[in-house]
Each structure stands twice: as structure tokens, then as C-alpha cells.
Amino acid sequence: MNRNTVRTLELGAEDIPSLLVENVDHYRVRGPAVVVNPHPDPVLLDVEPRVTIPALSSTILADTTIVGAPSVLVLGLPDRPAAEVVRAPGWHPLGALLPPPDPADPTEFPRHTPLWKGPQDGAGTARLDAPHLLGEHPERRAEETYEIRVNLWYAPAGTDCAIHNRHDFIEVHTQIAGVGRMQKFHAHDHRTLYQDIPMAPGYTTPQPFCRTAPGGGYRYPWHQYRADTDCVWLAVEYHRPAR
């Protein structure tokens with residue numbers, strides 16, 4: 001098995017070099033770059049005192065060696081304004097990618113929201129025990145292979161990116177540029193906010209928000225991303241194999 005196999009992730013952002021590094025074995029990150037650990041075990045860095053990148057987490061590294069990992073995602077920090085990213089091919093307003101809205105559904109995504117989605121690319125696989133990962137039982141049991149998919153998002157300053165609670169996958173978000181926040185709500189109503197998680201470049205939301213649902217799938221709380229400044233962030237999705 002070849003070590004430190006590097007592939008470019010096609011995320012539609014030339015000024016954010018994005019790499020998938022697989023079979024990591026003493027891989028040197030020149031950086032500065034956001035390094036994401038998409039796996040359920042910590043990733044050890046070759047520094048003293050001992051430092052790790054925790055499971056499904058991230059940090060910014062520069063001139064640092066990663067001792068080993070099944071894979072990591074390495075994204076350069078952009079040197080141009082965040083809004084420039086949507087000029088690249090493959091970026092679309094989310095509203096243009098969705099089917100026509102249902103007027104009878106008050107939770108539909110507001111099509112006028114200035115939320116942009118970039119191209120999605122596969123980023124290998126991860127072995128997960130979802131109930132353990134999501135805090136539902138204390139010990140690891142049977143693991144399954146999940147497909148990892150990643151894409152960048154952009155929203156301008158002051159954007160509420162729409163409260164929602166539906167996903168058919170596990171996800172976490174990593175901040176790349178700007179300052180934003182992930183928010184949780186008791187209901188589909190901004191007045192019911194109960195958790196506000198600030199996000200600066202290099203930060204990943206702690207533990208996925210969801211829990212497993214009876215019969216498969218996942219239960220999410222009402223949540224949204226909010227952009228305090230112009231923001232670019234990375235969505236890391238874990239898709240369960242079809243049965």
C-alpha cells in the first residue's frame with residue numbers, strides 16, 4: 001500500500017488548494033493549512049509535548065509532520081476575499097439547485113437566501129460505529145464503512161442560512177475563511193435559539209449534531225449556519241452505504 005497518496009479535491013476554489021492525503025505516514029504539512037481528521041480516532045502530530053487532532057476535528061498546521069492516519073484533508077487558507085470563491089465554475093445558489101418549493105411547508109428553504117454551494121467531491125471512506133460516535137453508547141461495537149463527501153459553502157456577512165432539521169447523512173462543518181457560527185434551536189423559530197457555537201478558521205463543530213433514528217437515518221435538531229462576516233466553510237458528509 002502506497003503511503004502518503006495525495007489527490008486534489010475538486011471543490012471549485014483555485015485559491016483554496018484542497019488535498020486528500022491517504023495512508024498518511026509522516027506527512028509534512030508546509031502550511032499554513034486547515035487539516036481535517038475525518039476519522040473516529042485521533043491523529044498524532046510529531047511534536048513535543050504530544051498533540052493530536054481529535055476525531056472528526058481540525059486545526060491549522062504549518063511546517064508540522066502528521067505521524068499517521070487513514071487519511072486527512074488539507075485545505076490552504078485563501079489569500080483573496082471570501083466572496084471571490086463563487087466566481088469559479090460549479091458554484092450555484094442553493095435555491096437554484098432545489099426542486100420548486102412547497103407553499104404549504106413553512107420549513108421550506110427560503111429561495112432568496114444568499115447561500116452558495118460549490119462542487120462536491122468524494123474524499124474516501126471512514127469506518128464508523130455511528131451510535132458510539134454520536135454518544136449513544138460508551139463502547140465501540142460493529143463498524144460500517146461510510147462514504148465521505150465534501151464541498152465548500154459561501155455566504156455573505158449577516159446571512160442566516162435557514163433553520164432546518166433534515167439530512168440523510170452525518171455531517172460536520174469546518175471553517176475556512178471568515179467568522180460564523182453554528183446555531184441550534186428548540187423549534188423552527190430564531191427566538192428559540194439555545195446553543196450558539198462561534199467558528200473561526202480551522203475550527204470544526206464538536207461532535208455531529210444528530211442521533212440515529214429508528215429504522216435507519218438520523219435525527220437532527222433545528223439548526224443553521226450564520227455568517228457574521230463573509231464566510232467560506234467546508235461540509236464533511238458521511239453517507240451510509242445502501243442496503
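No hydrogens, no waters, no symmetry mates; every other heavy atom, side chains included, goes into these values. All residue numbers refer to positions in the sequence shown, counting from 1. Every value quoted in this text rests on a predicted model; they were computed, and no experiment measured them.
Side-chain atoms of E10 and P119, non-hydrogen and from C-beta on, never get closer than 4.5 Å to each other. Counting heavy atoms from C-beta on, the side chains of V85 and P78 never come closer than 4.5 Å. The shortest side-chain heavy-atom distance between P201 and I176 does not fall under the 4.5 Å cut-off. Taking 4.5 Å as the limit, some side-chain heavy atom of W91 sits within range of a side-chain heavy atom of L152. Residues R211 and Y218 have side chains not in contact (no heavy-atom distance under 4.5 Å, counting atoms from C-beta outward). C161 has its side chain out of reach of W153: every pair of non-hydrogen atoms, C-beta onward, lies at least 4.5 Å apart. A 4.5 Å side-chain heavy-atom check between I170 and Y146 finds at least one atom pair inside the cut-off. Annotation: side chain of M199 is in contact with side chain of H173 (closest heavy-atom distance under 4.5 Å).
The minimum heavy-atom distance between A155 and L115, with the atom names listed, is CB-CD1, 4.3 Å. Across I60 and P32, no two heavy atoms sit closer than the pair CG2-CB, 4.2 Å. Minimum interatomic distance between R7 and A123 (heavy atoms only, all atoms of both residues): NH2-CA, 4.1 Å. A pairwise comparison of heavy atoms in R50 and E48 identifies N-OE1, 3.8 Å as the closest pair. Residues S58 and T204 share a closest heavy-atom pair of OG-OG1, 2.5 Å. Between G178 and C231, the shortest heavy-atom contact is C-SG, 4.0 Å.
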What do the steps show when you test L73 against L19 for side-chain contact (heavy atoms from CB on, under 4.5 Å), and what is the final call? CA-CA 6 Å; L73 312 176; L19 304 175; over 6 Å; no

Apply ring-ring contact (aromatic ring centres under 6.0 Å, His included) to the pair Y220 and H223, showing each step before the final yes or no. CA-CA 8 Å; Y220 277 83; H223 66 285; 5.4 Å; yes

Using side-chain hydrogen bond (donor to acceptor under 3.5 Å, both in side chains), reason through T107 and R166 one step at a time and then give a plain yes or no. CA-CA 10 Å; T107 68; R166 301 173 190 168; 3.2 Å; yes

Verdict with reasoning, L45 to T52, per side-chain contact (heavy atoms from CB on, under 4.5 Å): CA-CA 6 Å; L45 305 181; T52 64; over 6 Å; no

Evaluate the side-chain contact (heavy atoms from CB on, under 4.5 Å) criterion for residues L61 and V34: first the C-alpha distance (whole Å), next the side-chain angles of each, then the deciding distance (0.1 Å), finally the verdict. CA-CA 6 Å; L61 297 181; V34 178; over 6 Å; no

Going through the distances and angles, do T113 and L94 end up as a side-chain contact (heavy atoms from CB on, under 4.5 Å)? CA-CA 8 Å; T113 305; L94 180 60; over 6 Å; no

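Note on D102 versus R111: no salt bridge recorded, every NZ/NE/NH1/NH2 to OD/OE distance being 4.0 Å or above. Salt-bridge formation is detected for the pair D228/R181: a Lys NZ or Arg NE/NH1/NH2 atom is positioned less than 4.0 Å from an Asp or Glu carboxylate oxygen. By the 4.0 Å N-to-carboxylate-O rule, R127 lies too far from D41 to be salt-bridged with it. Under a 4.0 Å N-O distance rule, the pair D129/R141 does not qualify as a salt bridge.
The ring of W233 has its center closer than 6.0 angstrom to the ring center of Y225. F185 has its ring centre less than 6.0 Å from the ring centre of H190.
The line from CD1 of I66 to CG of D46 is 11.0 Å long, rounded to the nearest 0.5 Å. In this structure, L193 CG and R226 CZ are separated by 11.0 Å, a value rounded to the nearest 0.5 Å. Taking NE2 from H164 and NE2 from H188, the interatomic distance works out to 9.5 Å, rounded to the nearest 0.5 Å. To the nearest 0.5 Å, atoms CG (L9) and CD (Q120) are separated by 11.0 Å. With rounding to the nearest 0.5 Å, the separation of OG1 in T205 from CD1 in I197 is 6.5 Å. The CG atom of D121 lies 9.5 Å from the OG atom of S18; values are rounded to the nearest 0.5 Å.
With hydrophobic clusters built from ILVMFWY side chains whose heavy atoms lie under 4.5 angstrom apart, L77 shares a cluster with V236. One hydrophobic cluster holds both V29 and V24 under the rule that ILVMFWY side chains link at heavy-atom gaps under 4.5 Å. Two different hydrophobic clusters hold L75 and V21 under the rule that ILVMFWY side chains link at heavy-atom gaps under 4.5 Å. If you chain together hydrophobic residues whose side chains sit under 4.5 Å apart, V36 and Y27 never meet in one group. Tracing side-chain contacts under 4.5 Å through hydrophobic residues (I, L, V, M, F, W, Y), one reaches V172 starting from L20; they form part of the same cluster.
Looking only at distances, no side-chain donor or acceptor of Y238 sits under 3.5 Å from a matching main-chain atom of L128. A donor-acceptor pair under 3.5 Å links the side-chain atoms of N37 to the main chain of P54, judged by distance alone. Without hydrogens or angle criteria, H239 side chain to E237 main chain gives no donor-acceptor distance under 3.5 Å. Here the side chain of Q175 pairs a donor or acceptor atom with the backbone of A177 at under 3.5 angstrom. N4 contributes a side-chain N or O that, together with a main-chain N or O of D25, makes up a donor-acceptor pair within less than 3.5 Å. T64 contributes a side-chain N or O that, together with a main-chain N or O of A62, makes up a donor-acceptor pair within less than 3.5 Å. Side-chain N or O atoms of T192 include one that pairs as donor or acceptor with a backbone N or O of D189 at under 3.5 Å. Between the side chain of T65 and the backbone N or O of H26, no donor-acceptor pair lies under 3.5 Å. Distance alone, capped at 3.5 Å, places no donor-acceptor pair between the D230 side chain and the P156 backbone. When atom types are taken as modelled, the side chain of Q207 and the backbone of L133 share a donor-acceptor pair closer than 3.5 angstrom.
Ring geometry for F169 versus H167: interplanar angle of 30 to 60°, hence tilted.
Within 6.0 Å of CZ in R140 there are more than 12 heavy atoms belonging to other residues, nucleotides or ligands.
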